Visitor: 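Following this message is one structure expressed as structure tokens.
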Amino acid sequence: MAERGGRLRVIACVDIDYFFAQAEELRRPELAGRPVVVCVFSGRDELSGAVASANYVARSFGVKAGMPIREAVRRLGEKEAVLLPVDRQYYLELSRRTFEALERFSGVMEVVSVDEVFIDLTEFAGGFDGAAEVGAELKRAVRESTGLRCSVGIGPNKLIAKVACDRSKPDGLMVVRPEDVERFLEGLPVTELPFVGRKVGGRLKEMGVEKVGDLTKVDPQVLTERFGRSLGTYLYLASRGRYDEPLSPRTERKQFSRIVTLKRDSADVEEILQQLLGPVEDLCSRLVGEGLAHKGVGAIGISTDLKVYSRSLTLPRPNRERAPVVRALRSLFAEMLSDVSGLRLRRAGVRLYELVRMRGQRTLTDFSTET
Ligand code: DGT
Ligand code: CA
Ligand code: CA
């Protein structure tokens with residue numbers, strides 16, 4: 001299931017909480033505590049159009065995305081609703097900064113929508129034991145670079161990560177370890193599975209299936225007969241947490257990265273480097289294996305209070321050897337530790353980026369960077 005090339009995968013789903021409405025709260029702190037509703041006004045009259053996003057205060061009055069604005073205003077009743085028009089440019093800028101902050105954690109990211117992304121953390125987290133910590137770091141990185149709160153779900157595949165993310169909202173973090181998948185899904189309403197909307201949910205209910213656990217008891221043949229081969233198979237696999245679609249990154253891999261928890265908190269460059277030798281060696285052999293070289297080297301430091309620091313530089317020529325990386329890291333960590341007084345690192349990482357293809361020339365630009 002979660003094995004790929006014999007390796008257990010660690011997948012995170014990051015989704016910004018009530019995105020458009022939170023974005024508005026961010027730049028108008030005076031809105032705190034009031035019901036904020038971001039609207040797509042159709043222009044026919046003052047209140048025609050639909051709700052795009054509502055903050056939690058508005059949601060507590062039953063206001064939801066997709067609802068007519070008039071209905072939202074009716075539900076908010078006495079409470080003075082704050083109705084704001086969408087400002088796409090502003091949200092797109094926040095979205096871009098969010099994804100940029102998350103890129104440090106993995107070379108394999110699948111952007112699903114303006115506020116949602118899957119990240120393959122298999123390398124970075126190095127297993128489920130470190131997953132909760134990395135999840136907290138993701139949230140922190142987004143918060144620091146944008147001010148936004150998001151929720152993070154982590155599991156052995158995208159489906160589990162997504163469901164965990166939704167369940168942890170708002171400002172949540174939930175890790176579902178592979179051995180807990182079955183127990184996690186069992187008691188959930190089937191409608192919490194992605195792609196199971198009201199319609200499919202209703203048909204399942206007629207069959208006496210309300211919980212995901214009930215769904216696992218239905219004969220797969222019955223599922224394909226009723227829902228067709230593709231949805232039927234999906235329901236069968238999803239109910240067992242075994243729907244394991246790979247991430248489909250929109251772009252080619254852009255970096256290789258790895259992070260380790262130090263044996264003890266440290267401000268000593270050599271002590272930190274010592275513990276990164278193995279990971280660097282490993283990343284260099286991955287580069288060779290994939291016919292790539294890199295020019296960018298990044299140092300990542302995570303302090304005892306979970307702040308993420310990074311420093312980077314570009315090597316003069318494409319590289320796939322350990323020594324130049326270690327030299328670069330030495331100066332980057334020295335710079336980081338001297339820039340921030342009193343900084344002690346709890347975790348340290350390395351990122352190799354600006355990848356170039358070394359053999360099998362693909363394009364003229366790749367060719368021209370060959371040495
Ligand atoms: P969440 O994730 O439940 O805390 O709430 P949102 O508002 O972030 O909802 P999400 O993640 O489904 O969608 C992200 C943004 O996409 C949302 O802030 C506004 C936009 N959006 C979502 N649903 C609708 C819709 O039905 N109509 C319009 N116009 N925009 C929508
Ligand atoms: Ca969202
Ligand atoms: Ca979303």
Side-chain angles (χ1 to χ4, degrees), residues 11-28 31-32 34-44 47-73 75-76 81-99 101-102 109-119 135 138-139 141-143 145-155 158-174 188-189 191-199 247-248 250:
I11 307 296
C13 174
V14 180
D15 184 283
I16 301 171
D17 298 330
Y18 62 100
F19 181 33
F20 293 3
Q22 195 191 167
E24 296 300 342
E25 287 179 351
L26 203 62
R27 61 177 170 183
R28 300 168 209 243
L31 296 181
R34 297 183 62 191
V36 176
V37 184
V38 176
C39 305
V40 182
F41 292 103
S42 66
R44 192 171 312 161
L47 286 184
S48 62
V51 172
S53 177
N55 71 354
Y56 278 78
V57 182
R59 285 183 200 192
S60 71
F61 289 85
V63 176
K64 283 193 260 206
M67 178 179 275
I69 299 168
R70 209 173 292 284
E71 175 64 17
V73 171
R75 293 198 183 198
L76 289 167
V82 181
L83 304 180
L84 299 166
V86 291
D87 179 351
R88 286 208 175 74
Q89 282 313 312
Y90 169 55
Y91 311 142
L92 282 174
E93 174 57 21
L94 285 174
S95 167
R96 192 191 60 74
R97 271 162 47 200
T98 301
F99 298 147
L102 293 171
M109 260 178 49
E110 177 184 351
V111 174
V112 184
S113 73
V114 70
D115 79 330
E116 191 170 332
V117 64
F118 287 109
I119 308 176
L138 297 176
K139 284 167 63 85
V142 171
R143 187 80 192 276
S145 62
T146 62
L148 290 167
R149 287 194 170 80
C150 61
S151 296
V152 175
I154 300 179
K158 289 201 292 191
L159 177 103
I160 301 298
K162 169 72 178 155
V163 177
C165 176
D166 286 348
R167 286 201 66 80
S168 75
K169 277 182 170 296
D171 201 14
L173 169 60
M174 187 186 288
L188 299 184
T191 46
E192 293 209 13
L193 293 175
F195 311 122
V196 180
R198 255 199 314 208
K199 199 162 143 231
L247 267 65
S248 34
R250 296 242 169 111

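First listed ligand is number 1; within each ligand, the first listed atom is number 1. On a predicted model such as this, the values are computed, not experimentally measured, just so you know.
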Visitor: Return a yes/no value: protein heavy atom under 4.0 Å from atom 12 (O) of ligand 1?
Guide: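 Within 4.0 Å: no protein heavy atom nearby.
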
Visitor: Looking at the Ca ion (ligand 3), which N/O/S atom of D115 is the nearest one?
Guide: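 Checking each N, O and S atom of D115, the shortest distance to the Ca ion (ligand 3) belongs to OD1.
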
Visitor: With a 4.5 Å cut-off on side-chain heavy atoms, are L102 and T98 touching?
Guide: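 Yes, at least one pair of side-chain atoms sits under 4.5 Å.
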
Visitor: Please answer whether the main-chain N or O of K169 pairs with a side-chain N or O of D17 as donor and acceptor at a distance below 3.5 Å.
Guide: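 Checking the backbone N and O of K169 against the side chain of D17, no donor-acceptor pair under 3.5 Å is found.
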
Visitor: Looking at the Ca ion (ligand 2), is there an N, O or S atom belonging to D15 that lies under 3.0 Å away from it?
Guide: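 Yes.
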
Visitor: Could you tell me whether I16 approaches ligand 1 through its side chain, its backbone, both or neither, with non-hydrogen atoms closer than 4.0 Å?
Guide: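 Backbone only; the side chain of I16 stays clear of ligand 1.
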
Visitor: Just by distance, do the side chain of N55 and the backbone of A21 share a donor-acceptor pair under 3.5 Å?
Guide: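 Looks like no, no N/O pair under 3.5 Å.
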
Visitor: Assess the residue pair E71 and V51 against the criterion (side-chain contact (heavy atoms from CB on, under 4.5 Å)); give the C-alpha distance rounded to whole Å, side-chain angles, the decisive distance to 0.1 Å, and a yes or no.
Guide: CA-CA 9 Å; E71 175 64 17; V51 172; over 6 Å; no

Visitor: Give me the residue, atom name and distance of the protein heavy atom closest to atom 2 (O) of ligand 1.
Guide: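 The closest heavy atom on the protein side is D15 OD1, 3.0 Å.
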
Visitor: Please name the atom of E116, limited to N, O or S, that comes nearest to the Ca ion (ligand 3).
Guide: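 Nearest N/O/S atom: OE1.
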
Visitor: So, F19 and the Ca ion (ligand 2): N/O/S under 3.0 Å, yes or no?
Guide: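 Short answer: no, not a single N, O or S atom is under the cut-off.
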
Visitor: With heavy atoms of S53 as the reference, note each atom of ligand 1 found under 4.0 Å away.
Guide: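 So the answer, numbered in order with elements, is 7 (O), 17 (C), 18 (O), 19 (C).
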
Visitor: Would you say the side-chain atoms of K139 pair up with the backbone N or O of G172, donor to acceptor, closer than 3.5 Å?
Guide: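 Yes; at least one donor-acceptor contact below 3.5 Å.
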
Visitor: Looking only at atom types and distance, does a side-chain atom of S95 sit under 3.5 Å from a main-chain N or O of Y91, one as donor and one as acceptor?
Guide: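 No, the answer is negative, given that no donor and acceptor are paired below the 3.5 Å cut-off.
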
Visitor: Considering only heavy atoms, which of Y18, F20, F19 lies nearest to atom 16 (O) of ligand 1?
Guide: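 It is F20 whose heavy atom sits nearest to atom 16 (O) of ligand 1.
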
Visitor: Thinking salt bridges, do D171 and R149 make one under a 4.0 Å N-O criterion?
Guide: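 So D171 pairs with R149 through a salt bridge.
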
Visitor: Taking only non-hydrogen atoms of R59, do any sit less than 4.0 angstrom from ligand 1?
Guide: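 R59 counts as a contact of ligand 1 under the 4.0 Å cut-off.
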
Visitor: Within 45° of the six-membered ring axis of Y18 and under 6.0 Å from that ring's centre, is NZ or CZ of R59 located there?
Guide: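 No, R59 and Y18 do not form such a contact.
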
Visitor: For atom 30 (N) of ligand 1, what is the nearest protein heavy atom, given as residue, atom name and distance?
Guide: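 Result: A52 CB, 3.4 Å.
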
Visitor: Protein heavy-atom contact under 4.0 Å for atom 8 (O) of ligand 1?
Guide: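 Yes, because at least one protein heavy atom sits under 4.0 Å from atom 8 (O) of ligand 1.
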
Visitor: Backbone, side chain, both or neither: what part of Q22 comes under 4.0 angstrom of ligand 1, heavy atoms only?
Guide: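 For Q22, there is no contact with ligand 1 at all, from either part.
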
Visitor: Going by the order shown, which atoms of ligand 1 are within less than 4.0 Å of some heavy atom of G66?
Guide: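 So the atoms of ligand 1 that pass are 26 (O).
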
Visitor: Is there a side-chain contact between F20 and D115 in this structure, where contact means two heavy atoms from C-beta onward sitting under 4.5 Å apart?
Guide: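 Result no, sub-4.5 Å side-chain heavy-atom pair not found.
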
Visitor: For atom 29 (N) of ligand 1, state which one of V40, D115, V51 supplies the nearest heavy atom.
Guide: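 Nearest option to atom 29 (N) of ligand 1, by heavy atoms: V40.
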
Visitor: Are more than 12 heavy atoms from other residues, nucleotides or ligands located less than 6.0 Å from atom CZ of R27?
Guide: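 Yes, because the 6.0 Å sphere around CZ of R27 holds more than 12 heavy atoms from other groups.
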
